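Keep in mind that the numbers below use all heavy atoms, side chains included, and drop hydrogens, waters and symmetry copies. Because the structure is a prediction, the values reported are computed rather than measured.
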Amino acid sequence: GRGFAFRRKQKIERQYRKLLKKRRQVHSQQDDQFTDTYPEHLKHLYLAEEEKLKKRRRTPDDSVSSEEKLNKATDGCGFYGCVCLMIITVSGTCTFSCRSVVTQEKFKNKTSNQKAKEEYEKIKAERARKKEEAEKRKQRREEAQRLYKKKKMEAYKILSKKTKKGQPNLNLQVEFLLQKIQQNT
């Protein structure tokens, strides 16, 4: 009849169907994730971000008209950005160079790509350092093993010497023990 292989095949098919079912549920949950329901305590942040994105996506006609408005308001500053907009709304005039403020902010706020590159470089440097340390440890260990084996071999040669009749050479063994005692003291 049908043996263990058939049952194993059926079990794998059941697990596969179960996995597919789970994936469908996960995808449906992910679709719900992109709706406009924000947590109450973070809602203002999300809305501010949406406003920024809407301002960036303006059509060329809108940007020209807003640029003209800003030129009038900023007394010919010639640059418009979110920093200038905030200054204008508070004071009505722009008394300092808006460009320098915005460029300084650009340098402070790195893009995610720059952050990722920096993170990657840090990790790469850390790995290289660890690899170098591991290599040094390995070399020290190999050197210590080589010295240990060399001493062991010398001791073995001395202790395994035989007389002409095949008996162990006790004089050499006693001398070896004497050297060992002298080295320890």
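Atom CG in L177 sits 10.5 Å away from atom CG in L170 (nearest 0.5 Å). Note: N184 CG to Q182 CD = 10.5 Å, rounded to the nearest 0.5 Å. Atom CZ in R14 sits 10.5 Å away from atom CD1 in I12 (nearest 0.5 Å). Taking CD from Q179 and CD from E175, the interatomic distance works out to 7.0 Å, rounded to the nearest 0.5 Å. The NZ atom of K52 sits 13.0 Å away from atom CG of L47, with the distance rounded to the nearest 0.5 Å. From F4, atom CZ reaches atom NZ of K11 across 13.0 Å, with rounding to the nearest 0.5 Å.
Looking at heavy atoms from C-beta onward, R24 lies in side-chain contact with L20 at the 4.5 angstrom threshold. Residues K138 and R141 form a side-chain contact, since some pair of their non-hydrogen atoms from C-beta on lies under 4.5 Å apart.
Sorted by first and then second residue, the pairs that involve residues 111-120 and meet salt bridge (Lys or Arg N to Asp or Glu O under 4.0 Å), not counting sequence neighbours, are K110-E118. Within the structure, salt bridge (Lys or Arg N to Asp or Glu O under 4.0 Å) contacts touching residues 147-165 (residues at least two apart or in different chains) do not occur.
For R146, the side-chain hydrogen bond (donor to acceptor under 3.5 Å, both in side chains) test picks out E143, with sequence neighbours left out. Residues satisfying the side-chain hydrogen bond (donor to acceptor under 3.5 Å, both in side chains) test with E133, not counting sequence neighbours, are R129. Partners of E13 under the side-chain contact (heavy atoms from CB on, under 4.5 Å) rule, at least two apart in sequence or in another chain, are K9, R17. Residues that satisfy the side-chain contact (heavy atoms from CB on, under 4.5 Å) test with F6, not counting sequence neighbours, are R2, Q10.
What you find for L172 and I158 is that their closest heavy atoms are O-CG2, 3.7 Å.
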inquiry  = Run I123 and R127 through side chain to side chain contact (heavy atoms under 4.5 Å, CB included) and show every step you take.
reply    = CA-CA 6 Å; I123 291 170; R127 283 182 185 160; 3.7 Å; yes
query = Would K136 and E132 count as a side chain to side chain contact (heavy atoms under 4.5 Å, CB included) if you check the C-alpha gap in whole Å, the side-chain angles of each, and the deciding distance to 0.1 Å?
reply = CA-CA 6 Å; K136 286 180 183 177; E132 193 175 305; 3.8 Å; yes
